[in-house]
Amino acid sequence: MPDAFTFKPIRELAGLIAGKEVSPVELTQTFLDRLERYGPHYNSLVTLTAERAFQTARQAQAEIAAGRGRGLLHGIPWGAKDLLATGGGIPTTWGAAPFRDQQFDHDATVVVRLEAAGAPLAGKLAMIELAGGMGYIHPDASLTGPPKNPWDTGRWTGGSSSGSGAAVSAGLVPFAIGSETWGSILIPANNCGLAGLRPTYGRVSRYGAMALCWTLDKLGPLCLTADDCGIVLEALSGPDTNDPSTWPEPFAYDPTYNPGRRYRVGVPRGVLDEASDAVRENFEAALENLRDVADVDEMEFPGFPYVEVTSVILMVESASAFEDFLAEGGPLELSGTGWHGRSPYARPAVLATDYIKALRLRGVMAKQVDEVMAGYDAIAAPTAMNTATPIDEEFRSRSMTSAGAGDLMGSIGNGCGLPSTSVPSGFDGDGLPTGIQFMSRAYDENVCLAIAREYQARTEWHRRHPPEPEVRDS
């Protein structure tokens, strides 16, 4: 059976701490035990950070006892995608064998901020090697092996924040931090039945995080609920002199946000063309559920090479970020199969003129998209066109990133740096989760979070959790 504190949202855990039903040290011990016991089962854990976690937990316990609480995250353990730098001799592997022993002498800004909020770091979590920066077509592209989906260990959790998705879904940590360049927060949220928030570009500092694509990378939370995502984002956000791309104003989460009218939700024409039957049915049911509080209308973005523009930027910037690694033949040491010698080495061949053209077109794209989105509080779409794919099969042909309507939201959302919240929308006939996402205008996280909360208040999907695995003690 799950532990008494497993699968409880952050507000509930904070209430239990405030009511002295559990201490930060006890809570931290619970999740460290779960990570140690079940993390290897799901291939989701890279490094257990017990000593550091207990240090923060003991401090939190003393401060709370003295009446110096720091907020809802005070004493709540969490997990970090292993592209976030951690000092103190804790490795930061970037999910890749060549960097297995890599260490830094500093912490990433998000690590600093969460520990400043009193949240103990319980572990470094698995990821696709180099966040997928070298290209991959199979879940095996990970130092720890492909993270297994807690709903069905024969399925994948999705990349590249794959270990973060598995750990939260299995109740190994209350929340985790992932990163998204193109789908790497929202897809694990979809596949694992979680809430995931891709913040506005620049909302969260990337200092200390592995760079894949400087103008597309974003850090954000994977949680049990949209409310949890808002709580965590508030702690993460704010300007950082170490990352000049950060927005100068911090994010103030408003859990009571309401526009004072019915929400206006747009649905892109043709967005279900590539969806599986279960995804389509669950999405349509979700829209019907929202009609009590929202006007839902079909809409269309202007014709534009969204995928091509965003893809060129990603290819060129990732090639630049790993220039030395490519020149030294580093990709040949990676774990991923089925691509060696192809994808990474083609990227530096993209013309500089094409990259500059893509950057200029992105400005046009952002303006056109914002003009359309000004008429809506959010654009709704399935988070992915399918449920989780088999863990032993290539996913390219069934991926959300195949050209078409399913990729429209990913290319627009990431190319324009827009926030989106994904929450569970139901299950398919095999018991695998599906998701619905709500994408809002830049810096409108409170809006997309509010609509996601409204949906979760009317459904029970987020209250369903995977069964406890049968794992023998060694």
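Take F5 and apply the ring pair (Phe, Tyr, Trp, His ring centres under 6.0 Å) test, not counting sequence neighbours, and it matches no residue. For Y306, the ring pair (Phe, Tyr, Trp, His ring centres under 6.0 Å) partners at least two apart in sequence or on another chain are F304. Residues passing the side chain to side chain donor-acceptor pair (under 3.5 Å) test with R463, sequence neighbours excluded: E460. Judged as a ring pair (Phe, Tyr, Trp, His ring centres under 6.0 Å), and not counting sequence neighbours, the contacts of Y207 are H106. Partners of E300 under the salt bridge (charged side-chain N to carboxylate O under 4.0 Å, His left out) rule, at least two apart in sequence or in another chain, are R269. Listed by chain and number, the residues in a ring pair (Phe, Tyr, Trp, His ring centres under 6.0 Å) with Y253 amount to none (sequence neighbours excluded). In terms of the salt bridge (charged side-chain N to carboxylate O under 4.0 Å, His left out) criterion, residue partners of R262 (sequence neighbours excluded) are, by chain and number, D295. The side chain to side chain donor-acceptor pair (under 3.5 Å) search around H41 returns none, not counting sequence neighbours. Listed by chain and residue number, R347 satisfy the side chain to side chain donor-acceptor pair (under 3.5 Å) test with S318 (two or more places apart in sequence, or in another chain). Legend: residues meeting side chain to side chain donor-acceptor pair (under 3.5 Å) with S422, ordered by chain and number and at least two apart, are T383.
Using modelled atom types, one finds a donor on one side chain and an acceptor on the other under 3.5 Å when comparing D217 with T181. At a cut-off of 3.5 Å, with distance as the only test, no side-chain donor of S425 or N282 sits close to an acceptor on the other residue. Using a 3.5 Å distance cut-off with no hydrogens or angles, the side chains of D240 and T246 do not pair a donor with an acceptor. Under 3.5 Å, the side chains of S179 and K218 contain no donor-acceptor pair of N or O atoms. Looking at R206 and S245, their side chains do bring a donor and an acceptor atom within 3.5 Å of each other. Side-chain polar atoms of S164 and K81 form no donor-acceptor pair below 3.5 angstrom. A donor atom on one side chain and an acceptor atom on the other are not found under 3.5 Å apart for E129 and S142. Side-chain contact annotation: K148 with T157, donor-acceptor N/O pair under 3.5 Å absent. When only modelled atom types and interatomic distance are considered, E445 and T200 share a side-chain donor-acceptor pair under 3.5 Å. No side-chain donor-acceptor contact under 3.5 Å links T225 and Q456.
Side-chain atoms of L216 and R362, non-hydrogen and from C-beta on, do get closer than 4.5 Å to each other. Looking only at side-chain heavy atoms (C-beta outward), V423 and Q437 stay at 4.5 Å or farther from each other. Between L233 and V204, some side-chain heavy-atom pair lies under the 4.5 Å cut-off. Side-chain contact between V232 and W78: absent, with no pair of heavy atoms (C-beta onward) separated by less than 4.5 Å. Residues L84 and L219 meet the side-chain proximity criterion, which asks for heavy atoms closer than 4.5 Å. Contact annotation: the side chain of V271 approaches that of V267 to within less than 4.5 Å [non-hydrogen atoms, C-beta and beyond]. Counting only heavy atoms from C-beta outward, the side chains of N190 and I436 never approach each other to under 4.5 Å. E393 has its side chain out of reach of H138: every pair of non-hydrogen atoms, C-beta onward, lies at least 4.5 Å apart.
Listed here is the closest heavy atom pair of S161 and S184: OG-O, 2.8 Å. Shortest non-hydrogen contact noted between N43 and P146 is ND2-O, 3.1 Å. Contact between P382 and L272 at its shortest, heavy atoms only, is CG-CD2, 3.5 Å. What you find for L27 and P77 is that their closest heavy atoms are CD2-CD, 3.8 Å. Heavy atoms only, all atoms of each residue included: C416 and A366 are closest at SG-CA, 3.7 Å. A pairwise comparison of heavy atoms in A381 and M409 identifies CB-CG, 3.6 Å as the closest pair.
Checking each of V279, N386, T387, D277 against D428 for a side chain to side chain contact (heavy atoms under 4.5 Å, CB included) leaves exactly one that passes, namely T387. None of V293, L290, L287 except one satisfies the side chain to side chain contact (heavy atoms under 4.5 Å, CB included) rule with Y455; the exception is L290.
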Derivation of the salt bridge (Lys or Arg N to Asp or Glu O under 4.0 Å) call for R441 and D444: CA-CA 6 Å; R441 300 172 78 188; D444 273 354; 5.3 Å; no

Verdict with supporting geometry, T215 and E317, side-chain hydrogen bond (donor to acceptor under 3.5 Å, both in side chains): CA-CA 8 Å; T215 65; E317 294 189 12; 2.8 Å; yes

Just do the side-chain contact (heavy atoms from CB on, under 4.5 Å) check on V110 and S205 with the steps written out, would you? CA-CA 7 Å; V110 296; S205 170; 5.7 Å; no

Assess whether side-chain contact (heavy atoms from CB on, under 4.5 Å) is satisfied between V312 and V350, documenting all intermediate values. CA-CA 8 Å; V312 167; V350 177; 4.1 Å; yes

Go through the steps to decide whether K8 and D228 satisfy the test salt bridge (Lys or Arg N to Asp or Glu O under 4.0 Å), and finish with yes or no. CA-CA 10 Å; K8 291 190 180 299; D228 285 357; over 6 Å; no

Yes or no on side-chain contact (heavy atoms from CB on, under 4.5 Å) for L125 and L35, after CA distance, side-chain angles and deciding distance? CA-CA 10 Å; L125 303 176; L35 274 170; 4.2 Å; yes

Please test L224 against F175 for side-chain contact (heavy atoms from CB on, under 4.5 Å), starting from the C-alpha separation and ending with a verdict. CA-CA 7 Å; L224 296 177; F175 72 94; over 6 Å; no

Please test E308 against K357 for salt bridge (Lys or Arg N to Asp or Glu O under 4.0 Å), starting from the C-alpha separation and ending with a verdict. CA-CA 11 Å; E308 292 78 5; K357 184 183 296 183; over 6 Å; no

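The pair D370-K367 does not count as a salt bridge, with every side-chain nitrogen at least 4.0 angstrom from each carboxylate oxygen.
Sorted by first and then second residue, the salt bridge (charged side-chain N to carboxylate O under 4.0 Å, His left out) pairs with a member in residues 176-192 read E180-R198; sequence neighbours excluded. For residues 226-247, the set of pairs meeting the ring pair (Phe, Tyr, Trp, His ring centres under 6.0 Å) definition, not counting sequence neighbours, comprises W247-Y443.
Crowding of R11 atom CZ: a count of heavy atoms from other residues, nucleotides or ligands under 6.0 Å exceeding 12.
W94 contributes no side-chain N or O that, together with a main-chain N or O of D82, makes up a donor-acceptor pair within less than 3.5 Å. Although no hydrogens or angles enter the test, the distance criterion places no donor-acceptor pair under 3.5 Å between the side chain of S162 and the main chain of G159. Side-chain N or O atoms of R280 include one that pairs as donor or acceptor with a backbone N or O of A275 at under 3.5 Å. Judged by distance alone, with hydrogens and angles left aside, the side-chain atoms of R113 form a donor-acceptor pair with the main-chain N or O of G238 at under 3.5 Å.
Taking the six-membered ring where tryptophan is involved, the planes of Y263 and Y257 are tilted, since the angle between them lies from 30° to 60°.
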